[in-house]
Every structure is written in structure tokens, then in C-alpha cells.
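Below: the structure, in C-alpha cells.
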Amino acid sequence: MMQKCRWIALIPAYQPDGHLLRLVQELSEEKFEVIVVNDGSALSYDPVFEQVREYGTVLIHEKNKGKGEALKTGYDYIRHSCRGRYVVVTMDADGQHSVADARRVCEEAMRYPDSLVLGCRRFDQREIPLRSRFGNGITRLVYRFATGVRVSDTQTGLRACSDQLISYLFEIPGSRYEYEMNELMQCARDRVAMREVEIETIYMDGNASSHFNTLKDSFLIYKEILKFSASSLICFAIDYGLFCLFSAAFSAAGAALYLTMANVFARVISAAANYTINRKLVFCSSKSAASSALQYFSLAAVILLLNTMLLNLLTGGLGLNRYLAKVLTEMVLFVFSWLMQKNVIFTNGRKTVNET
């Protein structure tokens, strides 16, 4: 039998409508402790928050800081004011999450206190707005490519975790809607388990009450994902440019092995750039530089050998143009290199998430 613990509902709210008051009333009736963060709403919304105070705690941002900052304000308040065992569930203020589903994700978080529990919606229903279906589908595919982790609803705001994860989640960067994607990226990177619970799909008036800015906030989300792939593209450009330069120079000088020499010189320089970018900016690895550098350049040596063999096979054996052969070679080895760097070289290992 599971030990009882407190259930805390954390709700970031900006210019909320009547759905918020109904939600906190229902949560209070179900014995949830309620914490609402007023994220810089206009003064005309003060009466709403005064009514909310009858059912829970209201934290205030004087100016709008974004959903990420509102969640972290709540996390910080909880970790410093709550003792003992508890589970926190984050919910949206626009009525799109039911209290019954909040209970279900909390129960799952109690069973798996070291996991982030996601309340995931189904996107095969006709009443779901097209922009939501399309946006979530694209984000889901890009997220899986970047991390290797399958998540069926990357944009869900209904998430639950135990007290073991609060400090960990508080430290994740991000101020606005990108924070929730950063959460998923960081958990995948640090091998923090994520569990899914299917929830009801609710859209009020076609999601008209959402404060999500499709262009601006989508850019923030995808920016955090695409940096995982940008490093390889940048370093491919360096490698390809140097290969073309060295190939032409060595060929003009009459070097017998000009193709191999050009490939080796270009690869060594681009590999050094790729290591630096990936360690510091992409994977933000905490592994020692000596350890990761040894592993990275061992991988680079293996890939260089495979790269050179394949390049010579395509040009000498199949008679392909050397520049086209270089592109095909890089495409073949890209996935292998990516997976090795993400899962072996720059991994931080399984974090002890209950450390403060």
C-alpha cells in the first residue's frame, strides 16, 4: 500500500477567465493544495485572483515573465515551504485539464517518484484544432530525432512529479513556453524516466483562450530542439569547404594521395570544432574534458577510417564525382556519429535527481 502524501496543484495564470475559478474550486473539493501564480496579469483581473485566494495560495509576478518563470516560481515556493512527501501536478488555467486526469497523473507519480509523468492527449480526434494536431505532430518527430525518446504529446501542460524532482526541474533553463520543451530535452539527456498517462482531450472554443503565440513561441521551442542538429550542419560545412580547398590544392600540386590527404586534413579541423561545440553548447556535458575528448577523438578516428574507405570506394570503385561522393559519405555516417555522441560520449549518466 502506498504511503499517503500531499497533492499540490500548480497553475500558472495570465489574464485568466472563469475557467480558473471553477478549476481551483474542484481541486479544493478533491483535497488538492492549490498554488496559482499570477504572471503579471492586468489589475482588472485582481478580483479573479482574490476569489482564488479562498481556495489556495496566490503568488504574484508584478510583470509578465512567461509560463516557464511562473512554473519555476511555484517550484521554488514549494521546495522551500513543503516538507515530507508530496506530488506536484502542473495544470493550465484555461480549463483544458480535468481534475480526474490530475488525480491519475499524481497517482502515477506516487508509484514512480523518480519519473516525470506526462498527461498525454490523443490527436486522432476531429474536434482537435488543426494547428494543434499539426504542431504537436511536427514537434514530436523532431524531438524523437533529436533525443531518440518517444513522447506522444510534447506540448502537454499536465505533468506530475514527486518531491524528488522539484529542485531538478527548477534548475532547467527557459522563461516562456520553451521551458516545457527544455524539460523534456533535459530529462532525455540526463536519462530521467518519463511516463505517459492518457488523458481526456479538451479544447475550449477551439483553444481560443490560449496565450500561445504561434510564431514567436514556436520559434522558442524549435530553437531549443534544432540546436541539437545545427552543430553537425555547421561542422559539415567546415569539413566540406576545407575538403574542396585541400583537394584542389593537393591535386594541383600533383600529390599522389591528394583525395585521402584532403579528407584527413579537413576532418581533423572540423572534428576539433565539432567537439568544442557539442560539449559546451549542444550536450552541455558535465563529463570531464579529458574523458570525453579521448572518447570523441577515438570515435573521430573510426569515422575518419570509414569515411576515407567509403569515399575512395564511391570515387574509385563506382566512379562518382568526388564532391558528390563526399556528400553521400557524410550522410551515411551522420546518424552513427550522432547516436554515439549522444548516448556514449556526452551523456551525463543517470542523475540523482533528489539532490538539492
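Because only heavy atoms are used, hydrogens play no part in the values below, and waters and symmetry mates are left out as well, while side chains stay in. Count residues from 1 along the sequence.
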**Message:** I'd like to know if the side chain of R322 pairs up with that of T315 as donor and acceptor (distance under 3.5 Å, no hydrogens or angles considered).
**Reply:** no
**Asked** Is V192 reachable from V149 through a run of hydrophobic residues whose side-chain heavy atoms are each under 4.5 Å from the next?
**Response** yes
**Item:** Residue pairs passing the salt bridge (charged side-chain N to carboxylate O under 4.0 Å, His left out) test where at least one lies in residues 303-321, sequence neighbours excluded
**Value:** none
**Message:** To check you understand the geometry: which heavy-atom pair defines the closest contact between S44 and P47, and what is its length?
**Reply:** O-CD, 3.4 Å
**Request:** Could you tell me the separation between the CE atom of M185 and the OG1 atom of T154, rounded to the nearest 0.5 Å?
**Result:** 10.5 Å
**Message:** If the condition is side chain to side chain donor-acceptor pair (under 3.5 Å), which residues does T308 pass it with, not counting sequence neighbours?
**Reply:** N263
**Message:** Do L59 and V36 have side chains that approach each other closer than 4.5 Å (heavy atoms only, starting at C-beta)?
**Reply:** no
**Message:** For Y275 and Y296, take the angle between the two ring planes, folded into 0 to 90°, and tell me which bin it lands in: parallel under 30, tilted 30 to 60, perpendicular over 60.
**Reply:** tilted
**Prompt:** Judged by atom type as modelled, is there a donor-acceptor pair below 3.5 Å linking the side chain of T57 to the main-chain atoms of R53?
**Reply:** no
**Request:** State which residue, out of K63, K65, H61, fulfils the side-chain hydrogen bond (donor to acceptor under 3.5 Å, both in side chains) condition with D39.
**Result:** H61
**Request:** State whether the side chain of E33 and the backbone N or O of R6 hold a donor-acceptor pair below 3.5 Å, judged by distance alone.
**Result:** no
**Item:** Any residue meeting salt bridge (charged side-chain N to carboxylate O under 4.0 Å, His left out) with E180, in chain and number order, not counting sequence neighbours
**Value:** K67
**Message:** I'd like to check I35 versus Y75 (side-chain heavy atoms, cut-off strictly below 4.5 Å). Are they in contact?
**Reply:** no
**Message:** So which atom in G157 and which in D92 form the shortest heavy-atom distance, rounded to 0.1 Å?
**Reply:** CA-OD1, 4.1 Å
**Prompt:** Backbone N or O of R85 within a donor-acceptor pair of the D163 side chain at under 3.5 Å?
**Reply:** no
**Selection residues 294-309 - residue pairs positive for salt bridge (charged side-chain N to carboxylate O under 4.0 Å, His left out), sequence neighbours left out** = none
**Prompt:** Are any non-hydrogen side-chain atoms of I8 and V89 less than 4.5 angstrom apart?
**Reply:** no
**Request:** Before accepting this row, confirm whether a basic side-chain N of the pair R104/E107 lies closer than 4.0 Å to the acidic partner's carboxylate O.
**Result:** no
**Request:** Verify side chain to side chain contact (heavy atoms under 4.5 Å, CB included) between L184 and L118, making sure each step is shown before the conclusion.
**Result:** CA-CA 10 Å; L184 300 184; L118 307 174; 4.0 Å; yes
**Heavy-atom side-chain contact between L10 and M91 under 4.5 Å** = no
**Request:** Enter the distance from L333:CG to L310:CG here, rounded to the nearest 0.5 Å.
**Result:** 6.5 Å
**Prompt:** Sequence neighbours excluded, which residues qualify as side chain to side chain donor-acceptor pair (under 3.5 Å) partners of S41?
**Reply:** N38
**Asked** How far apart are the closest heavy atoms of H19 and G95, and which atoms are they?
**Response** CB-N, 3.8 Å
**Asked** Less than 4.5 Å apart, any side-chain heavy atom of L71 and any of T90?
**Response** yes
**Message:** Quick check for you: to the nearest 0.5 Å, what is the distance between R103 atom CZ and D101 atom CG?
**Reply:** 11.5 Å
**Asked** Can you name the side chain to side chain donor-acceptor pair (under 3.5 Å) partners of D76, sequence neighbours left out?
**Response** R79, H80
**Nearest atoms (heavy-atom pairs only) where C187 meets M194** = CB-SD, 3.9 Å
**Request:** Look at E183 together with R159 and state whether they make a salt bridge at an N to O cut-off of under 4.0 Å.
**Result:** yes
**Request:** Under 4.5 Å between side-chain heavy atoms, chaining through other members, with only Ile, Leu, Val, Met, Phe, Trp and Tyr counted: pull out the rest of the cluster around L305, sorted by chain and number.
**Result:** M309
**Request:** Decide, yes or no, whether a salt bridge links D239 with R267 under the criterion of side-chain N to carboxylate O below 4.0 Å.
**Result:** yes
**Asked** Among the clusters formed by ILVMFWY side chains lying less than 4.5 Å apart, do V88 and F170 turn up in the same one?
**Response** yes
**Contacts of type ring-ring contact (aromatic ring centres under 6.0 Å, His included), residue Y240, not counting sequence neighbours** = F236
**Message:** Checking Y55 now: which residues fulfil ring-ring contact (aromatic ring centres under 6.0 Å, His included) with it, not counting sequence neighbours?
**Reply:** none
**Message:** Please evaluate residues Y86 and S162 with respect to the criterion side chain to side chain contact (heavy atoms under 4.5 Å, CB included), reporting the C-alpha separation (whole Å), side-chain torsions for both, the decisive distance (0.1 Å), and the verdict.
**Reply:** CA-CA 6 Å; Y86 57 83; S162 76; over 6 Å; no
**Message:** Taking the side chain as everything from C-beta on, heavy atoms only, tell me whether C161 gets closer than 4.5 Å to I166.
**Reply:** yes
**Request:** Would you kindly confirm whether L313 and L328 end up in one hydrophobic cluster when ILVMFWY residues are joined by side chain heavy atoms under 4.5 Å apart?
**Result:** yes
**Fill in**
For L242 and A266 the tightest heavy-atom approach is CB-CB, 3.8 Å
**Prompt:** In chain order, what residues pass the side chain to side chain donor-acceptor pair (under 3.5 Å) check against E198, with sequence neighbours excluded?
**Reply:** none
**Request:** Take V87 and C5 through the side chain to side chain contact (heavy atoms under 4.5 Å, CB included) test and state the conclusion after the steps.
**Result:** CA-CA 7 Å; V87 167; C5 71; 3.9 Å; yes
**Request:** Kindly write out the residues that satisfy ring-ring contact (aromatic ring centres under 6.0 Å, His included) with F32, not counting sequence neighbours, or none if the list is empty.
**Result:** W7
**Prompt:** About how many Å separate OG1 of T260 and CG of L311, when rounded to the nearest 0.5 Å?
**Reply:** 7.5 Å
**Prompt:** Could you state the interatomic distance from CG (L320) to NZ (K326), rounded to the nearest 0.5 Å?
**Reply:** 14.5 Å
**Request:** Using ring-ring contact (aromatic ring centres under 6.0 Å, His included) as the criterion, list what pairs up with F246, not counting sequence neighbours.
**Result:** F250, F265
**Asked** Does T156 reach the main-chain N or O of G119 with its side chain, forming a donor-acceptor pair under 3.5 Å?
**Response** yes
**Message:** I want to check something: taking the side chain as every heavy atom from C-beta on, are N64 and R176 in contact at a cut-off of under 4.5 Å?
**Reply:** yes
**Prompt:** Linking I/L/V/M/F/W/Y whenever any side-chain heavy atoms sit under 4.5 Å apart, do Y45 and L21 land together?
**Reply:** yes
**Closest non-hydrogen atom pair, V37 against A70** = CG2-O, 3.5 Å
**Asked** In Å, rounded to the nearest 0.5 Å, how long is the span from OG of S298 to CD1 of I303?
**Response** 11.0 Å
**Joint hydrophobic cluster, I238 plus L304, side-chain heavy atoms closer than 4.5 Å** = no
**Message:** Do N312 and L259 have side chains that approach each other closer than 4.5 Å (heavy atoms only, starting at C-beta)?
**Reply:** yes
